[in-house]
Each structure stands twice: as C-alpha cells, then as structure tokens.
Amino acid sequence: MPSRTGSHSPAGTGKSLPERGLLLLMVLVLLEGSVLPLGAASSPDISHQKNVDNHKVEHEKNYTKKAFPVLDLDYHHIQTPFEISLWVLLASVMKLGFHMIPRLPGIVPESCLLITVGLLVGGLIKLAGEKVPPVLDSQLFFLCLLPPIILDAGYFLPIRPFMENLGTILMFAVVGTLWNAFFIGGLLYAVCQIQPANPSELHQLEILPCLLFGSIISAVDPVAVLAVFEEIHINELLHILVFGESLLNDAVTVVLYHLFEEYSAAGTVTVLDGFLGIISFLVVSLGGILVGAIYGILTAFTSRFTSHTRVIEPLFVFVYSYMAYLSAEMFHLSGIMALIACGAVMRPYVEANISHKSHTTIKYFLKMWSSVSETLIFIFLGVATVDGPHHWNWTFVTVTVILCLVSRVIGVVGLTCVINKFRIVKLTTKDQFIVAYGGMRGAIAFSLGFLLKKEQFPMREMFLTAIITVIFFTVFVQGMTIKPLVELLAVKKKQEAKRSINEEIHTQFLDHLLTGIEDICGHYGHHHWKDKLNRFNKKYVKKCLIAGERSKEPQLIAFYHKMEMKQAIDLVESGGGVNLPSAVPSTVSMQNIQPKKPPPAKPVEKALPKMTKGREEEIRQILRSNLQKTRQRLRSYNRHTLVADPYEDGFSELLIKKQKMIELEKKIQHMNNYLTVPAAPPDSPTMCRARLASDPQAYSSKPAADRVPTIQVDLASPQSPDSVNLMDEFRRADQQEEDQGLMMKPPSGQSGPNRPREEDRGREQQKMTRCLSDPGPSADEEEEDEPFLP
Amino acid sequence: YDTFMTVSCHSYVDTSISLEQIENLHKRFQRLSDNEETISRKHLDSIPSLDNNPIKKQIIEAFFDKRNQHQDEVGSCEEIGFEQFLMVMSHFRPPSLKTTEEEKEAMRKEKLRFLFNMHDTGNDGTITLVEYRKVVEELLSKSGDIGQEAAKAIADAAMLEVASTNVPHMDPDDFYEGITFEHFEQILKGLEMETRMYIRFLDVETPTLRCGKSTS
C-alpha cells in the first residue's frame, strides 16, 4: 500500500487493489476528520499509515462500498476556529450596524447595545435547544480578551497628565477600592443577618464570603469605563482620573480576592494575615510594575536593532507585552499593571527606533484588537447572562446595587476632601459627581465571580446574579444617562486644540524656568526631581535604547519633525482635490503671500513678514531653506534663462516651460498654505530626517549630494528632466491647469550661489514628489526609516 | 524685621504668601547674599544646580528686570533687595480655591507678562524674530551640538504660527513686526498658565514638608 499524505487525490473507479486502497484511504480520512480534533490532523501520513494497517484487517469484514463523496461536509474538522471567527465576525458586523441606525449611537452607548445583542444571541441559542457555549470562560477572558484592551490603554496612556495626577489616582484606586470592598461586604453581611425571625438562606452567608463578594464588586472596570467615557469626551483631567483609577485598582482587587478566597475556607482572618495582605499588596503592585518595566526595556533594546527587518517590529511590541502580562500572571502579580508599565516604558524609545509604517501598524493593530475584544466581551456578557445559572434573591441583589452606589459616592466625596488639601487644581463638586458616577463595573467582576468554586461557595450563583445585575445597572442606567448629565452640568469637555509649536516651546521653557526658580529658592520640589530624571534619561538611558543619532535629539526638535511630517501627509491627503485660485498675485520679492482663497481648515494666509529693504537681506538668509523660497528661486531661474536666451529658437518652448514653472510655484504655494512650518535648511543634519526620504541611521552624514537629483543649471537648455517629471506628477495628481499670463517680476537682487538653491529645489522637488506619489513597500527601502507620525 | 515683614506682606503680595513662607524665603535670600542687604547677579550665578539649566541667564536676568517690579519702570538693576526678590517670586504663586475668575484672569495675565518680559530683551514691547530665535537657541543650548539652523527653523515656524493665527490676512506689503503681548496671550491661552506656572511651596493652603502648617 503506497502511503499517501492526507490530500485527496482523485481516484478512478477501477477495481484494482491500489485504487481500492485509495478509496479506503479517503473514507478513513473522513472518519478521522470527524473524530480527531484539528491538531491531530497535522501528522496525516503516519496516522493514515497506521490506520490503514489497522483497518485493512477489518476491511475484509465490514466494508460496504458507498458512492464516492464528491462534496462532503466536515464541520468538526474546523469547528473551533470557525466558531471563533463567527463570533468575531458577529461582533464586528454589529458594530457596523449600530452606526448605521440613525439616532441610536447618540442616545445609547455602544456597550448597552452589544450586551443586548449578546442577550439576543444567547436567547436564540437557547431557543434552538443547543447548549449555550460557556463563552465567558475566565481563562479565555483573562488570557485573550483582556490584554489587548489594557495594552492599548497603556501604550497610548498620556503620561504627563497621568503623572501629574498620580497621587489622586492612587488614592482613589487603593483607598477608594478598599473602602468600597469593606463597606459593601460588611453591610451586606449585616443585612443578611437581620430578620432573625425568618431564617432565610442568606443567614448561611459568612462574613468572609461577603467580604470576598464586596472585593469583587467594588473594583471599577477599565473596559466599561473606556467604553462609556470615550463617547462623552470629557476633559482630560476627569478622564485620566477615572480611567487611571480603573487600571490601578487591579492590584488591590487581586490581593483582596486571593486573600479572602484563601481564607474563607478557614473562616477567619487574623491580624497576621491582614499584615501579610498589605505586604502582598505592595509586592503585587510593585512587582507587576517591575516586570512590566523590565519587558518594556527589553523591547526598547530589541527595537534598537531592527533597522534591517522592519516588518517584524510590531511583533516585538505585541509579543513582549503579552509575555509581560503572562509572566506577571504566573506569579500572581498584577498583570494589568505590568502591561501598563510595559507599554508606558517602552513607548518613547520604541517610537524613536521604529519606522513610520511600523508605528502606524502598531497603532492600528492595537486599536483593532482592543475594539474587537471589547465588543466580544460585551456580547459574551449578554450570552452568559442568558446561560449562567441564576439564583435570584431580591434582598441580596437590591441591597447590593444600592450599597454600590452609596459607597461609591461616600468614598469619592470623602477622599476628595482629603485630596483637595494636596492639590493645586482642586476638584469641584461637578468633578466629584462625574468621578462617582463614572465608576462602572464590568466583565472583570463577572469573570472573577465565575472563577469561584461552587464547593467552596455555595452561594456562587447568587453572587453571579448580583454581579450581573450591578453590571447591567451601571452600564445601562449610568452609561445612558451620563451623557445628558454631562451636558446638563456643563462639565468641561475635551479641548480639540491642536498642539502648536509655540505651546511646545513654552511648555519646555516653563519646565526649565520652574526648575530654575526652585533651585534659586533652594527648594527641591517635583520640578527638580523631574529635571534630574530627564537628565539621567538623556544621558544614559537613551544612549542604550535608541539607535543611532536619534538618541541625542532634543524633544523640541523631535516634536518639530513630527509636526512637519504630519502636515506634509495632511497636504498629500487633501492636496489632490483642492482647487487653486485663478490669480496669482504678481510680484514682490520675498513675499510669501498666500493668495486670498477660502482657507481650508485654518486661516493660514500669511507666510512670513515682508521686510523693509534693510532686513530683506537678513530674511533672505533665513528663508533660504523654506519652500517659499523655491518660488523665488524658480523665478530667478527663469529670469536667468530668459535673460540668457531671449532670442533662442526654443523660445516658445521656454514659454511653456515658464508656464510649467508657474504652476509649480502655485503648487508649492498651495503647499505652503498647509505647511505653516517652513522646511529647515538643507545643510543641517537634523534636516535629513525632515526629508521624507531620509534614513535616521545615516543622519549623521551630511546630506549627500548624490541622494538628491541635482538640477543641472544649464543655461542653454532650460529643460530639466527632473522638473518635467515633477510636472507630470502634478498632472497625474489631477491639478487644474491654470492659464497664466507671464506675471513675474524679477526679485530685487538675489544673494547666494546657484548651487545650493538648486540642490534645495531638487530636494524640495524630491520631497514633493515623495509627498504626492505613494511608493509601494518594495519601491523604496530608504523610506522605511522615516520618522513617525504622532 | 517684623515691620519689614508686614510691609512686604501687605503691600506687595496681597496676602497670598504666608508669613512663614516669607520667612523661609528671607532665610534663603540671606544665604544667597552672604548676609548682605542686596544680591547681585554673581550671587545667583554661583548656585551650582543652576548650571545645568539651559535658560539660566534669562532666569537670573528676570530677577533684575525692573519691569517685573510692577512699577512701570524699564531697564534693569544691578542689585536687588529682598522686597524685589519677593516681588519676582510672587509671580509663581498658585491660585487657591478662593480665587475668583477675575482674579484668576489677572493672575494669568501677570504670569504671561513675566514670560513675555523674559523673551522681550529689547524692552520694546514686542518679541521680534531675532529675540524669539534667541529664546529657542537657548532652550536647545544644553542639548548638544544642534547648530543654529535647527533653532532658526523652529523659531521661524513658531513666528509664522503666531502671525497666521493672529493676523490671518496680511497684505503683501505688510510687515509683521513682532509678537505683541496680546498675540502672546492669544497663542498661549491653551496652556492655562495660572495652574501651570507655580512653585508648590508658595501655596498657602497646601501643606508641604518644609513649611508645615499653613496660615492664611
């Protein structure tokens, strides 16, 4: 019997032995497919060989010939991945669907709708008589669904506001959660013990399970908070307070949960246990942060060497972060804090090392995964509600809900009184209300409840029902009403202002100023320490973790490049369809006037100031590198050629050429309208990176002339191949062609040699070419090293 | 000494710096000036931790700038006494829960004015391109060998931004002289200066480790 692989080779209908063998083989494959799980099919030859031998014995006994199955259904073969994909698809299609319904997204937050969908799906499955799959399996939740959301949050955590409010956040996270847990647990136990006349099942509830329940239900859930808060756009401070609290309370929850779970069997908790619990808390939180930081540094270090294999850069970020989470979970440390620490630590260094495309990839993959995860979590919550064994107890559930609300309000108000003594920007009553109201519970509470063992906790089902009720209450009631309440109370919303370079300059200036004043006063305040940390970072850490020259780049310059890059890309994206005005105002030398046209998004009309004669020279020096200057250079280029060959034969060609030049100028001007940031001088090493085609590795070298197509100024032949190419590019970009009169006036005197100008122009042209065309991945290896988008 | 303190307390700093903090500052002043009545630039220059600061010169200059004394004088002094020192320090007090909106607005203006004076070294009421460029250069001065070009480019870009946000429609023949105080305010209004530009221990209501109990 020739051994074959599992592929279905078409068999004939011959009756000879080899063909029968083949038929048999195929039947075996089908049989196997329905019996063995997916994984075992990976070694088909061996198993087939073995089974062939086995079945050959039975073959003579009970083989009945069936018609050859041309088309067959083998569901079990692909069951697991199919179901997973189906769920993910369902989640994504739901998400799409909501935004198509006209007014619904405004009223009802997405999370509510998703839970409803989950309820429907669960109901459908139950109606169909099937067993509802235990989808919100704790293993699945904690290992697969939660990490992407947390990583997304941690990687994009706004560090500055987080650090500024760290004290407040920690107070809410640690003290607030402890207060909630004990208050709820304690009062629940008290309530359960009343009514001595009718001993109900509640009397069986001991104090420790109550406290355990309290600790499960008290933690604010990051998933729910994110889902609701991202739709209401409140100001940054409140957002970071509630969100930061939801992230950092994980350590408290972990410790309390394990503590009470361990000891509820024993029935008592001694003082020693309490003390150990405190130590455990410190270990869990600091340990988690340490693990995360180590992995973050590892990632940063690895990313230093990825300049030759750009495609796998995002993989490092994801895998190292996931390993940080798993390592922390392995030691029962706080996985969430590890993930946050990892993302926050690695980000500045990784972003300095990776290419622009990798950065985009990371950003979009994280957003995609976290979005899908969140959707799935809410749907599964709905399904699990339909499925889960419920035990409804009016007293318990209502008391729980009420206590949750009450304890949250008391906790927030009480803590704010204390915190406001230490804060400069005090929290007003409105802020307190939003913080209290935004304390939502979510799937983490449910999963933790699900993890409880039935043997240890006979009231497990009651707990689950209560948890689900609280989750539903917070997500539905609080989630839906928070938006109108925010409007009603006129809470400050998020400012959409763009970060301007002036603000950046002054933020840095302020930092240094305040550090200096603190030094003069001899007061070692937090500016002093922050400055010390920055200097340490710059001196030692950046050198290790950032590749090449970028380790020395000051923050201001990095910011400036980011802005330039962003604006160039904005220009490319919008520049294709915008019409240019029909009249270019003639004239004036240095003037960078933008023609008066309807400003696209911002009134960027004025480029640079016009000088009096005296300053013109100086400004000319300044503007040597700017794009605006290109126009002037072109003019002078034309003027030279005109002057040089006024009577040559190719004069008409010259006119056409001039026309093209005018168009070029207009395009460049148009670009100026978007680029408020003039390009930097070509000669500085930093500007290598401003050019889209630069390679940060090689940035220490002077801008090599061979990189740039230099335009040979041959006065006899004005036709330059490069500029023609550029023209074609522009035409391809579908610009309107304007018919211009020759309205140029030669500038009054031009300083500077021709050479650098042409090089600049060439560079600008190259820059613009790169702007407008989109080289494919293989087209341009150098481009992989561009700086990233913010 | 006590009357001196009272005078300082009432006339210059509108009771938002407590007596205790004034005392602490006075002690510091004495230490800086080697127990003399006035300090000069060289006293401030000799503070070792200031050496790492890229804008050290501007900060020191700000203490000796007469415009920061709120007395409508211009120019700079050679030496300052404790009152002037305190006056400069009062620019860094934070708002408290009790400050009203108008007071906050006034505070913001005052702080922005201080920053403006630091940039406007020419004393002419506007920050010209040259002056702004100097600011950026100084900011980048401790960051290694960046070169003048980068600083120029950034300053030009910033100037361009100020001009375009404040005076969007300029004729070809117009000249943007420089950033006036109003434009400066406009461009930085997103930063909320009154809550950012403060030194913690000057806050009356905030207990700090050094100043102990606060008095109001």
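This one's a predicted model, so the numbers in the text were calculated from it and none came from an experiment. The chains referred to below are lettered A, B, ... by the order of the sequence lines, with proteins before strands, and numbering in each begins at 1.
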Under a 4.5 Å heavy-atom cut-off, does chain A meet the side chain of B/R31, its backbone, both or neither? neither

Using a cut-off of under 4.5 Å on heavy-atom pairs, state which of B/N52, B/V135, B/I187 scores highest against chain A. B/N52

Please flag which part of B/L44 lies under 4.5 Å from any non-hydrogen atom of chain A: side chain, backbone, both or neither. side chain

Of B/V136, B/I47, B/I60, the largest count of non-hydrogen pairs under 4.5 angstrom with chain A goes to B/I47

I need the B/K134 NZ to B/I55 CD1 distance, nearest 0.5 Å. 11.5 Å

Ring center gap for B/F92 and B/Y198 short of 6.0 angstrom: no

Main chain of B/R93, side chain of B/K111: is a donor-acceptor contact present, judged purely on distance under 3.5 Å? yes

Side chain, backbone, both or neither of B/L115 within contact of chain A (heavy atoms, under 4.5 Å): side chain

Which of B/I154, B/I59, B/L191, B/L32 touches chain A most, by non-hydrogen pairs under 4.5 Å: B/I154

Is the backbone N or O of A/L238 less than 3.5 Å from a side-chain atom of A/N235, with the two atoms forming a donor-acceptor pair by type? yes

Nearest heavy-atom approach of B/I127 to B/E131 is CA-OE1, 3.2 Å

Could you give the distance from CE (B/M159) to NZ (B/K152), rounded to the nearest 0.5 Å? 14.5 Å

Sole candidate of B/K56, B/R67, B/R41 that passes salt bridge (Lys or Arg N to Asp or Glu O under 4.0 Å) when paired with B/E61: B/R41

In terms of side-chain heavy atoms, does A/T428 have a donor or acceptor partner in A/D431 at a distance below 3.5 Å? yes

Please flag which part of B/V88 lies under 4.5 Å from any non-hydrogen atom of chain A: side chain, backbone, both or neither. neither

Listed by number, the residues in residues 528-536 of chain A that come under 4.5 Å of chain B (heavy atom to heavy atom) are A/R535

At a 4.5 Å cut-off on heavy atoms, which part of A/L514 comes close to chain B: side chain, backbone, both, or neither? both

Without hydrogens or angle criteria, can the side chains of A/Q508 and A/H512 be said to hold a donor-acceptor pair below 3.5 Å? no

Would you please test B/D120 and B/Y132 for side-chain hydrogen bond (donor to acceptor under 3.5 Å, both in side chains) and show each step? CA-CA 8 Å; B/D120 182 19; B/Y132 208 25; over 6 Å; no

